[in-house]
J.: 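I'd like to ask some things about the structure below.
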Protein chains: 2
Amino acid sequence: MSSLVRMLGVLDVFSEDVPVWTVDRLVEELGYSRSTAYRYVKELCEAGLLAQIGGGNYMLGPRIIMMDRQIRICDPLLAAGQKIMPGLLDMCGKGALRICCLYGDKLILIHQITNISGLEERYPRGLQMPRVLGAASKLILAHLPERQAIKIFLHHQDEIKSAGLGESWEDFRANLRQMRLDKTSRAYGEIDPDAVGIAAPIFGGDGPIVGSLSLVVKERPFSEKRLDTLSDQIQKGAAQLSKIIADLSNPYSESPSAVAMAIGPSHKEPLRRR
Amino acid sequence: MSSLVRMLGVLDVFSEDVPVWTVDRLVEELGYSRSTAYRYVKELCEAGLLAQIGGGNYMLGPRIIMMDRQIRICDPLLAAGQKIMPGLLDMCGKGALRICCLYGDKLILIHQITNISGLEERYPRGLQMPRVLGAASKLILAHLPERQAIKIFLHHQDEIKSAGLGESWEDFRANLRQMRLDKTSRAYGEIDPDAVGIAAPIFGGDGPIVGSLSLVVKERPFSEKRLDTLSDQIQKGAAQLSKIIADLSNPYSESPSAVAMAIGPSHKEPLRRR
DNA sequence: ATTGTCAATCTCACATTATGAGAATTTCCA
DNA sequence: TGGAAATTCTCATAATGTGAGATTGACAAT
């Protein structure tokens, strides 16, 4: 293992459950020597990724908060979402409206608004979403290039089966195809037991899916008619978002960074040979 | 320069102005060989600190958003702030209410609420505040242990002079002392030209300052009487916050992490010998 | 299919640099 | 003014990061 990986491994142990570490406990956990652990911590502190609190205690540092700000400021999808989501939610009744975004191979909740108290805290920005469970996840799966879908199928075969997404690759593939045709996906209580999820795809300026807009409905009844109406609204909202970020990446846009950002997370897997 | 520092240097070039980089431009900017740049980028991607977008473009990655979430969830000061700030702002009229927090040697805006449109976007969570300008900054300066105050005086001497905080160390020291006695600080248009800032200190469970609560007033008139009333309210609010996080770190609290977090950012500088 | 281009990884000899035990230093608190 | 805890320093040794160039893979155009 390279020393670079070893150093970044330090960041991994800072979790929600154990957000504060002393160097001694790091040594215990990671098996590094005390010298090395101190060296890593010192360099991570200098980079701002860690910060010292109290005597000998360390936590995640200010650079992380600053970099998240940068990501937020530069994200055209977030900006577009903040513009159109409040109006959309009003039309949908009690629930929550979310944007999830693909970053490399991770699906991250990047924005949520809700009119149900307590939901904001349980699903805040930054939450990693499952890859095969829930309306947003399934929908994104459906719009992935085939190569990536295969990879995920092989990796999450069991979860895919228990989610009823298909027993075989052909099964699975057909289900994905159906979702593409439907333009939206639905999930009945897959994440939140007493809620229904509806999701629609958001595309980058040049075609590939970059994320999804999804609605979580908690207000009964879940009649087919009502869900169809909502699906339609979500789909229109997602199309609006796609259009906004596509316009940013058109040749008339002046900001090269906005262009690149609007293209969105890659649909391309890094090469990997063995 | 160690290779660890060299690798983390990659993160430094991802700025608000240039949030997207290709490996080739990284090579140009940083002077690394192409092999090395690719190796760094690959490892940073595996750690989630970078993510690939489009072909050959990279931006800051999902781990940063996830780690910011962790920081938010674990931060008792943020939680306390979200509880008491809305009510406090209602009593203060038009303006904005902020919590700034010391992380190591950086002063970061960690939460803001406002009833003026457009202010939220200009001053979002994650913004790094100046060390000597504005009510919050000056106030925190005033409550720093003397060693750190000296260090900052030596480092920011010019800014301190032009901010009218003192021509000499004795001058400066006396001004800080006065702010400590006042319990609050004020700034007239130091950051925002047509606003007045009022700040009060937030202390950790065991004494040292961890941050500040500050109010930005944009509604005239700025009469002495009104400002005195507001100062009093801010000071009470800050005291409330100090109490909440002190209670978390008392011996009856069960969560050791909450304890450590509540102690807050260190008042201690890392050792540095030359 | 075929070719050209770009992105990313691989190979390998070489030299730089990370490592860890223990000593030395600094800081903090009583 | 001690004494304990936290942190940095020293240095010989071994490990590993480095970079030029070749290679591979992906993709688009013809």
Side-chain angles (χ1 to χ4, degrees), chain A residues 1-10 20-28 30-46 50-59 104-105 144-148 150-151 206-208 260 263 265-274, chain B residues 1-10 20-28 30-46 50-59 104 144-148 150-151 204-208 260 263 266-274:
Chain A
M1 187 166 52
S2 80
S3 75
L4 305 172
V5 172
R6 220 157 29 229
M7 181 174 68
L8 292 177
V10 171
V20 175
W21 289 77
T22 64
V23 173
D24 280 342
R25 276 194 293 130
L26 280 176
V27 167
E28 242 175 79
L30 297 169
Y32 306 159
S33 76
R34 182 161 283 103
S35 304
T36 301
Y38 268 110
R39 188 149 13 89
Y40 286 167
V41 165
K42 185 183 167 195
E43 277 164 11
L44 289 169
C45 280
E46 274 164 15
L50 292 182
Q52 197 186 40
I53 62 173
N57 291 309
Y58 292 87
M59 62 175 283
D105 61 343
L144 246 32
E146 184 145 21
R147 188 176 306 107
Q148 268 200 57
I150 293 176
K151 187 163 280 182
D206 54 351
I263 294 171
S266 172
H267 57 290
K268 196 169 76 180
E269 273 284 290
L271 308 179
R272 184 79 27 94
R273 261 174 286 160
R274 304 175 192 274
Chain B
M1 187 165 49
S2 79
S3 74
L4 306 172
V5 172
R6 221 160 25 231
M7 180 174 70
L8 292 177
V10 171
V20 175
W21 289 77
T22 65
V23 173
D24 279 342
R25 277 194 293 130
L26 280 176
V27 166
E28 240 175 79
L30 297 168
Y32 305 160
S33 77
R34 184 163 280 98
S35 306
T36 301
Y38 269 112
R39 188 150 14 91
Y40 287 167
V41 166
K42 185 184 167 195
E43 277 164 9
L44 289 169
C45 280
E46 275 165 13
L50 293 183
Q52 197 186 41
I53 63 173
N57 290 309
Y58 292 87
M59 61 174 284
L144 245 34
E146 183 145 24
R147 187 177 306 108
Q148 268 200 57
I150 292 177
K151 186 164 281 183
D206 54 350
I263 294 172
S266 171
H267 56 289
K268 192 169 77 177
E269 275 284 293
L271 307 180
R272 184 78 28 94
R273 259 172 286 160
R274 306 181 187 271

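Just so it is clear: chains get the letters A, B, ... in the order the sequence lines come, proteins before strands, and each one is counted from 1. As a basis for the values below, the full set of heavy atoms in this structure was taken, side chains included, without hydrogen atoms, waters or symmetry mates.
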J.: Side chains of B:Trp21 and B:Val41, heavy atoms from C-beta outward: is any pair under 4.5 Å?
T.: no
J.: Does B:Tyr32 reach the main-chain N or O of B:Arg6 with its side chain, forming a donor-acceptor pair under 3.5 Å?
T.: yes
J.: Whole angstroms only, please: what is the CH2-P distance between A:Trp21 and D:dA6?
T.: 16 Å
J.: Are the side chains of B:Ile150 and B:Glu146 in contact, using a 4.5 Å heavy-atom criterion?
T.: yes
J.: For D:dT18, take OP1 and OP2 only and decide whether either is under 4.0 Å from a side-chain N or O of B:Arg6.
T.: yes
J.: For the base of C:dA18, is there a side-chain donor-acceptor partner from A:Thr36 under 3.5 Å away?
T.: no
J.: Whole Å only: how far is the CE atom of A:Met1 from the C1' atom of C:dA18?
T.: 14 Å
J.: Which one of A:Leu8, A:Leu44, A:Leu4 satisfies the side chain to side chain contact (heavy atoms under 4.5 Å, CB included) criterion with B:Leu4?
T.: A:Leu4
J.: Test for a donor-acceptor pair under 3.5 Å between the base of C:dA18 and the side chain of A:Ser3, counting only N and O atoms.
T.: no
J.: In terms of the nearest nucleotide of DNA chain D, which residue is placed more toward the 5' end: A:Tyr58 or A:Ser2?
T.: A:Tyr58
J.: Check whether any side-chain N or O of A:Gln52 sits under 4.0 Å from OP1 or OP2 of D:dA6, and answer yes or no.
T.: no
J.: Any side-chain N or O of B:Tyr40 less than 4.0 Å from the OP1 or OP2 oxygen of D:dT18?
T.: yes
J.: Measure from NZ on A:Lys42 to C1' on D:dA6 and round the result to the nearest Å.
T.: 14 Å
J.: How many whole angstroms separate atom CD of A:Glu46 from atom C1' of D:dT8?
T.: 12 Å
J.: Quickly work out the B:Gln148 CD to C:dT26 P distance and round it to whole Å.
T.: 18 Å
J.: Side-chain N or O of A:Tyr38 versus OP1/OP2 of D:dT7: is the shortest distance under 4.0 Å?
T.: yes
J.: Between B:Ser33 and D:dG19, is there a side-chain N or O to OP1/OP2 distance below 4.0 Å?
T.: yes
J.: Between B:Arg34 (side chain only) and B:Val23 (backbone N and O only), is there a donor and an acceptor less than 3.5 Å apart?
T.: no
J.: More 5' along DNA chain D: A:Leu4 or A:Val23, using each one's nearest nucleotide?
T.: A:Val23
J.: Does a side-chain N or O of A:Arg39 approach OP1 or OP2 of D:dT8 to a distance below 4.0 Å, or not?
T.: no
J.: May I have the distance from A:Asp24 (atom CG) to D:dA6 (atom P), rounded to whole angstrom?
T.: 6 Å
J.: Remember a base hit wins even if backbone is also touched, and classify B:Arg34 as base, sugar-phosphate or nothing at under 4.0 Å, heavy atoms.
T.: nothing
J.: Whole-Å distance between D:dG19 P and B:Leu26 CG?
T.: 14 Å
J.: Whole-Å distance between C:dC28 C1' and B:Glu146 CD?
T.: 17 Å
